[in-house]
Amino acid sequence: MKGLRLILTGFLGIAFVSCASTTIDQQEIPSVVINAVMTKYPDAKDLDWEVKGGIYEAEFDLGKDDYEVWVNAEGTILKVEQEIKVAAIPAVVLNKVKAEFKDARLEDAKRIEIGKSVYYELEVDQALGDQKVVYSASGVKQDPSVLTKISK
């Protein structure tokens, strides 16, 4: 039993390492990538950088909001995630969510830009458990996989 536990622990450790992004120092980031983020968000402070599959991810705070920005090696911003308050969700989206999930509490909202498209991801707290839902800016419900479709 100990041997099996040891093998399983080792396997899980390798699996987590192989899937994880690599945190890197800002000196290792191409200047075109840094410039893309700093041009769009000049007041960003304390940036944390990761790289995975040639895509750079900057995490930072701007005011009271948390941001994550994905940039390719050419300096093109591919995706932006901004944590927002539920009150900042557009009325058209909020009305659709409230109509579909009556009596549910909304939590953990994000505004997500992918290319020219804008989405809102919300956590809906219901009696049967939490669920993440995604809506376009026009209030149309989306498959959550739409948030993973960024191109290099």
Side-chain angles (χ1 to χ4, degrees), residues 8-98 100-101 104-126 129-152:
L8 222 89
T9 304
F11 176 73
L12 289 175
I14 291 169
F16 284 124
V17 169
S18 66
C19 293
S21 309
T22 305
T23 301
I24 56 177
D25 290 326
Q26 188 160 325
Q27 295 85 349
E28 299 176 53
I29 307 292
S31 61
V32 68
V33 172
I34 296 170
N35 290 341
V37 174
M38 296 312 295
T39 298
K40 187 165 182 173
Y41 304 100
D43 296 329
K45 304 279 189 256
D46 301 322
L47 281 78
D48 290 323
W49 291 94
E50 294 182 0
V51 63
K52 183 177 182 183
I55 303 293
Y56 297 88
E57 180 185 350
E59 293 183 30
F60 57 90
D61 294 334
L62 190 58
K64 294 183 179 186
D65 295 330
D66 293 332
Y67 282 80
E68 294 179 29
V69 178
W70 286 262
V71 184
N72 67 13
E74 291 77 36
T76 302
I77 294 178
L78 305 172
K79 181 178 177 181
V80 176
E81 280 190 13
Q82 174 189 5
E83 290 185 14
I84 60 173
K85 296 192 180 316
V86 171
I89 298 168
V92 66
V93 174
L94 206 50
N95 291 338
K96 294 279 185 157
V97 174
K98 287 181 177 181
E100 184 174 349
F101 301 97
R105 195 174 72 202
L106 304 178
E107 301 177 340
D108 299 331
K110 290 182 182 178
R111 181 183 187 277
I112 302 167
E113 295 176 37
I114 300 175
K116 294 181 183 190
S117 300
V118 175
Y119 303 97
Y120 292 88
E121 179 184 62
L122 299 102
E123 185 175 305
V124 179
D125 186 16
Q126 299 175 307
D130 294 348
Q131 175 183 357
K132 287 196 178 199
V133 294
V134 177
Y135 287 82
S136 68
S138 61
V140 177
K141 190 172 183 183
Q142 304 289 308
D143 186 298
S145 67
V146 73
L147 301 180
T148 63
K149 296 178 181 171
I150 59 173
S151 59
K152 293 183 180 186

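Residue numbers run from 1 in the order of the sequence given.
Two residues are said to be in side-chain contact when any heavy atoms from C-beta on lie closer than 4.5 Å; E74 and V32 fail this criterion. K85 places none of its side-chain heavy atoms less than 4.5 Å from the side chain of K64. In this structure, the side chains of F101 and L106 stay at 4.5 Å or more apart for every pair of heavy atoms. Within the 4.5 Å cutoff, the side chain of V69 has heavy atoms near those of the I77 side chain. The side-chain heavy atoms of Y120 and I84, taken from C-beta on, include a pair separated by under 4.5 Å. A 4.5 Å side-chain heavy-atom check between V71 and T76 finds every atom pair outside the cut-off.
Listed for the Q142 side chain is a donor-acceptor partner under 3.5 Å among the backbone atoms of V140.
Ring geometry for Y67 versus Y41: interplanar angle of 30 to 60°, hence tilted.
Contact detail for A137 and V92: the closest heavy-atom pair is O-CG1, 3.4 Å. Listed here is the closest heavy atom pair of E83 and D65: O-OD1, 3.3 Å. Residues V134 and P144 come closest through the heavy atom pair CG2-CA, 3.9 Å. Residues G75 and A36 approach most closely at O-CB, 3.1 Å, considering heavy atoms. The two atoms that bring L62 and A44 nearest to each other are CD1-N, 3.7 Å, heavy atoms only. Nearest heavy atom pair, residue A73 against residue Y56, reads CA-CE1, 4.1 Å.
Ion pairing between a basic and an acidic side chain is recognised when a charged N comes within 4.0 Å of a carboxylate O; K79 and E81 show such pairing.
The CD1 atom of I114 sits 7.5 Å away from the OG1 atom of T148 when rounded to the nearest 0.5 Å. Separation of atoms CG (L47) and CD (E57) is listed at 11.0 Å; rounding is to 0.5 Å. For the atom pair I89 CD1 and K96 NZ, the distance stands at 15.0 Å (nearest 0.5 Å). One finds the CD atom of Q82 at 10.5 Å from the CD1 atom of I112 (value rounded to the nearest 0.5 Å). Atom CD of residue E68 and atom CG of residue D48 lie 10.5 Å apart, to the nearest 0.5 angstrom. How far CD1 of I29 is from CD1 of I34: 6.0 Å, rounded to the nearest 0.5 Å.
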* Show your working on side-chain contact (heavy atoms from CB on, under 4.5 Å) between R111 and V118 and close with a plain yes or no. => CA-CA 7 Å; R111 181 183 187 277; V118 175; 3.5 Å; yes
* To do: Tell me, with the steps shown, if D108 and L122 meet side-chain contact (heavy atoms from CB on, under 4.5 Å).
  => CA-CA 6 Å; D108 299 331; L122 299 102; over 6 Å; no
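Around NZ of K40, the count of heavy atoms belonging to other residues, nucleotides or ligands within 6.0 Å exceeds 12.
Applying the side-chain contact (heavy atoms from CB on, under 4.5 Å) test to T39 and every residue at least two apart in sequence or in another chain returns nothing. For Y119, the ring pair (Phe, Tyr, Trp, His ring centres under 6.0 Å) test picks out no residue, with sequence neighbours left out.
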